[in-house]
Structures are given as structure tokens and as C-alpha cells.
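Down below is the structure, laid out as C-alpha cells.
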Amino acid sequence: MKAKNLTIFAFVLFFVALVISVDNAFCASVLQDSYRNGIPTFLNKVAKGETVRIAYFGGSITEAGNGWRSQSMAKFAETYPNAKFEEINAAIGGTGSDLGVYRMDEDVLKHDPDLVFVEFCVNDGGTPHDQIIRQIEGIVRKIWRHNIDTDIVFVYTYRLGHENKYRDNNRADSVEAMESVANFYALPSIDFNVPVVDLAQKGKLIYQQETGEAPEGVVVFSRDGVHPLTQGHEIYTQTLIDAFKKMALRNDAKPYPAVVNRRDRLDRVLDPKNMEDARMAKLTEKYLDGKWRLLGDDEPLSWVKSRLGDTVYTSDTPGSKVEILFKGSDLAIYDVLGPNGGQVKITVDGQEQTDLRPRFDHYCTYWRVAVLYLASGLDPRQIHIVTVEIDQGEPDRSSVLQRLEDPEKERASGKYTGHNVWFGPIMYRGTLNP
């Protein structure tokens, strides 16, 4: 273990100079001008040798084992040996800030973090600019409503294609949206795209290489253009630690504004439609009609309860329904997609929606958590009735079956057949059962 750690540490040292000596003027300014009002709570706690609780809130890039999350925890302990650090792993692969703003209270805030890293840049890619702002602003306001002392840092991860923006002195669309929120609330942000693009332009990094090793002195960043290999994560980690050291130096020269000043920022909003009011509530029997049962602890899919909570109802019976009465604008259910997932039809205020919603997609060779969106943009002053019913038909599974080595054998196994749904908490904006 020691030898492995020394190897990693030596590699990181090799890249320190490359990471902080960015040649491109635009990229250099991105790194230098994004610290804003800094991390005063973090710096105060480490100076006093206190415990710092750090939440990592994001998708699969943050969830990855031995990635920048665990590496940065180790580097914090090394950099500030008198302080203690506790990790809150609130990352879920394949999810963005649309789910994040709803799960914030349960997955992050109940653990009372002192620092929250927010990483949704890649998974929010393709989401409309205004929608990202509403979701991210909701996350920020939730954190500070819970505890105004909590530091928040946005981190922006790389995916293939981002380099085109940075080469043209621009940034990824999702980064621009998050930066609008960071500027408004004076939050520090750390852009991991900068060192990745800079190293590639210097011939020191290959963005994507599906197999094989890189030439000597060159790093293969990823196999898929999104998820970094170990050395890619080390670049992220060193960039983050370097930014924290710079913020500490700035604080020594001129202390960051007291956290009490953050209250003034909560008196204003960037977007009046921000999702600070996003909530979750347990799905209970009163919402159910038909044949349902609770998912047991000894079933193969019991692991989803670590995400959705202890109460998960499942059914494979067409005609079984969930009916929700609420006063508000948006409604969804935290659920699961899988190989044997069914499809549902949704009715809002008596109007059946034309499109069936499959609980299956082209990634479904496995099961994963997801969100079933039921209604959005409704009149928040009105009471609405929303019904979800399991359909008689099954989704078209050809998008997965055609990619399997032996699709007929897989279909015969029963894995890709069924009407199954797995429903966790209700996600809503407004009031349930008014």
C-alpha cells in the first residue's frame, strides 16, 4: 500500500507544474478569477484543528472509487494534519442537478456538512440553460437555509467535446449556467477542464483512448471520453488542492467576508422560479391502488433502498395505479430503470398523456435509479390529481437486445421481459394532499 501511495504521489508531483502553469490566457484567467468569497468556514476549522465534514454531491465521476473524491480526502488530511475530516459521499452515477435538488435534504443536509462540493457539469449537459440555473440555485439556497456557515464549491469536470469550447475562449454550456449562480452568490468554482485541455494542447494528454497505453510522458485521460482513469483523477485532485492553497493565501492577505454576510444574498434571487422548494415525501399505501408490495431486504434489488430509502413499492401487474393529489407546479417519482422494467401511462387532471413512459432505456443491461417525471409547469395555485398506471404492453427492448451477444438466449432467460416498476419517494414542488 505504501509503495502504491508513493507512486501516486510521485505522479502528482510530476504534474503540479503543468497544472498550475497554464499557457492559454483565457484558461489561466478562469483558474485565477473564480475564487470569489472563498471558503472561510473550511479555513477557520482547519486552522483550529477541528473536524470538517465534507459532502461530495454529484454523479459517477465523483462517485468513482479511488477518484478525486477519495484522493482529495487523503490530500486534505495530508495538507492539514491537525484537523480531522469526515466524508459524506452523496454522489450517484448518471444523475444531474434535476434529481440533486430534490435529494439534497436527505442525502446531504441531514449530515450537517461544513463544505459541499457540487459536481453536475457533465450530467447537466444538454439541459436548458435556465433550467440548470433554477436547479443549481435551489441547491445553493437549500444549503444556506440549513446552515449559512456551510461553504459551497462548484467543480466542473471534463467530457469529450468540452475542449472545443475552451480552445475558442469559451466554456461548456452547463458551466456557463453554473457560473451564473456562482457569480450571484459569490461562490468559488474550480474548473477541472482547464488543466485537462491545457495538457492536451501541450501534447501531454490524450483525451480518449479505448485500449492500450500512451507514449512515455503522455497521460491517457479516459477510455470513454468522460470518466477519468486514475491519472485523470489525479489531475483533478491536484487542481483542487492547488486552488484551496491559493484561497488560503488570499485569505491570509485579506480575509474573506464573514459568513454572516451570506444572509444578504439570500434576500435576493437570481431566478424567481428557482427550485429551493423542491421536496421529497415517502410513498405510502394511501396513494396505491391495485397489486403492490414492499421491496424486501433480501431481494436482489434491495440495494436500491440505499438510494430511494427504506420504503420502495413494486408491482408487475398492469392496471395497478398510483394516484397523487397535490397543490403545486411539479411532480415526479424517484424510481428505477431496468431490463425487465415496464411502461406506464400518466393522467394529469383527467387528461391522459399521449406518450407512454418506459421504465427501460438503451442502457438497461442492468438496473439503476432514475426519475419518473409526471407533471411540470402546472398552475401552483390549483389542486391537481395525477395518476400513474402500469400499462398492458411492454417497452421496445430492441435497443438493448441487438447489442447482446446472444439476444435470443437473453430474451428466453426472462431478464428482458416484464411490466415491473419500483417506486420510491414522491418528488414535488408545492403541498401534498392539500
Side-chain angles (χ1 to χ4, degrees), residues 57 90 92 95-110 120 124 127-146 177 181 266-289 292 307-313 321-336 344-355 357 359 369-389 421-434:
F57 192 40
I92 300 179
T95 67
S97 63
D98 55 342
L99 172 59
V101 70
Y102 283 100
R103 66 183 182 89
M104 183 88 221
D105 302 82
E106 180 67 20
D107 290 356
V108 177
L109 299 184
K110 79 173 186 180
F120 289 116
D124 277 357
T127 302
H129 182 93
D130 290 348
Q131 185 63 26
I132 295 175
I133 288 176
R134 291 167 188 161
Q135 292 160 184
I136 295 295
E137 183 175 18
I139 287 170
V140 170
R141 296 182 69 84
K142 277 174 171 280
I143 294 171
W144 279 356
R145 292 288 188 199
H146 180 81
V181 180
L266 286 180
D267 292 336
R268 303 173 291 125
V269 295
L270 177 60
D271 189 323
K273 296 181 180 180
N274 77 78
M275 296 181 66
E276 182 183 358
D277 61 344
R279 298 287 182 268
M280 277 189 176
K282 186 177 293 187
L283 182 67
T284 62
E285 287 185 352
K286 68 182 178 183
Y287 298 108
L288 307 178
D289 179 51
W292 296 87
R307 300 300 195 194
L308 305 185
D310 291 336
T311 302
V312 177
Y313 281 96
K321 299 177 182 179
V322 174
E323 184 172 277
I324 302 170
L325 182 73
F326 86 114
K327 181 180 181 180
S329 60
D330 297 15
L331 189 70
I333 293 178
Y334 199 3
D335 77 333
V336 176
V344 298
K345 52 187 175 184
I346 299 166
T347 302
V348 179
D349 295 334
Q351 298 294 315
E352 185 175 315
Q353 298 183 2
T354 56
D355 295 332
R357 304 289 185 83
R359 310 322 298 146
V369 298
V371 178
L372 173 59
Y373 292 100
L374 306 177
S376 63
L378 300 180
D379 186 341
R381 301 165 298 178
Q382 300 296 317
I383 295 174
H384 307 282
I385 300 176
V386 179
T387 302
V388 184
E389 180 179 345
V421 298
W422 304 266
F423 288 167
I426 300 168
M427 302 161 55
Y428 64 99
R429 300 180 68 188
T431 306
L432 290 178
N433 309 305

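In this text, all values refer to a predicted model and were calculated from it rather than measured experimentally.
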Using 0.5 Å steps for rounding, measure from the [atom1] atom of [X] to the [atom2] atom of [Y].
{"X": "E323", "Y": "T387", "atom1": "CD", "atom2": "OG1", "value": "4.0 Å"}
{"X": "K273", "Y": "D130", "atom1": "NZ", "atom2": "CG", "value": "9.0 Å"}
{"X": "E137", "Y": "E276", "atom1": "CD", "atom2": "CD", "value": "8.5 Å"}
{"X": "I324", "Y": "L283", "atom1": "CD1", "atom2": "CG", "value": "6.5 Å"}
{"X": "L432", "Y": "T284", "atom1": "CG", "atom2": "OG1", "value": "9.5 Å"}
{"X": "Y334", "Y": "T95", "atom1": "OH", "atom2": "OG1", "value": "6.5 Å"}

Looking at D379 and R381, is there a salt bridge between them, counting it only when a charged N and a carboxylate O are closer than 4.0 Å?
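Counted as a salt bridge, because a side-chain N and a carboxylate O are separated by less than 4.0 Å.
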So do the side chains of [X] and [Y] get within less than 4.5 Å of each other, counting heavy atoms only?
{"X": "I426", "Y": "L331", "result": "yes"}
{"X": "M104", "Y": "F57", "result": "yes"}
{"X": "I143", "Y": "L109", "result": "yes"}

Do the side chain of [X] and the main chain of [Y] share a donor and acceptor less than 3.5 angstrom apart?
{"X": "R307", "Y": "V336", "value": "no"}
{"X": "D335", "Y": "V421", "value": "no"}
{"X": "Q353", "Y": "L374", "value": "yes"}
{"X": "H384", "Y": "D330", "value": "no"}

State which residues pass side chain to side chain contact (heavy atoms under 4.5 Å, CB included) with [X]; sequence neighbours excluded, sorted by chain then number.
{"X": "D107", "result": "A90, I92, R103"}
{"X": "R279", "result": "K142, Y428"}
{"X": "T354", "result": "none"}
{"X": "K345", "result": "E352, L356, E389, D391"}

List the atom of Q135, the atom of S97, and the distance in Å for their closest heavy-atom pair.
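That closest heavy-atom pairing would be NE2-OG, 2.8 Å.
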To check you understand the geometry: which heavy-atom pair defines the closest contact between K282 and T311, and what is its length?
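The pair with the smallest heavy-atom distance is CD-OG1, 3.3 Å.
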Partner residues of K110 under the side-chain hydrogen bond (donor to acceptor under 3.5 Å, both in side chains) criterion, sequence neighbours left out:
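In terms of side-chain hydrogen bond (donor to acceptor under 3.5 Å, both in side chains), with neighbours along the sequence ignored, K110 is linked to E106.
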Assess the residue pair V322 and Y313 against the criterion (side chain to side chain contact (heavy atoms under 4.5 Å, CB included)); give the C-alpha distance rounded to whole Å, side-chain angles, the decisive distance to 0.1 Å, and a yes or no.
CA-CA 10 Å; V322 174; Y313 281 96; over 6 Å; no
With M427, the side-chain contact (heavy atoms from CB on, under 4.5 Å) member among I333, V371, L372:
V371
Where do D98 and T127 land on the side chain to side chain contact (heavy atoms under 4.5 Å, CB included) test, with the steps shown first?
CA-CA 9 Å; D98 55 342; T127 302; over 6 Å; no
Would you sort out whether R134 and V101 count as a side chain to side chain contact (heavy atoms under 4.5 Å, CB included), showing the intermediate values?
CA-CA 9 Å; R134 291 167 188 161; V101 70; over 6 Å; no
Could you walk me through whether R429 and F326 pass side chain to side chain contact (heavy atoms under 4.5 Å, CB included), step by step?
CA-CA 9 Å; R429 300 180 68 188; F326 86 114; over 6 Å; no
Mind checking salt bridge (Lys or Arg N to Asp or Glu O under 4.0 Å) for D349 and listing every partner two or more places apart, or none if nothing turns up?
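If we apply the salt bridge (Lys or Arg N to Asp or Glu O under 4.0 Å) test to D349, skipping adjacent residues, there are no hits.
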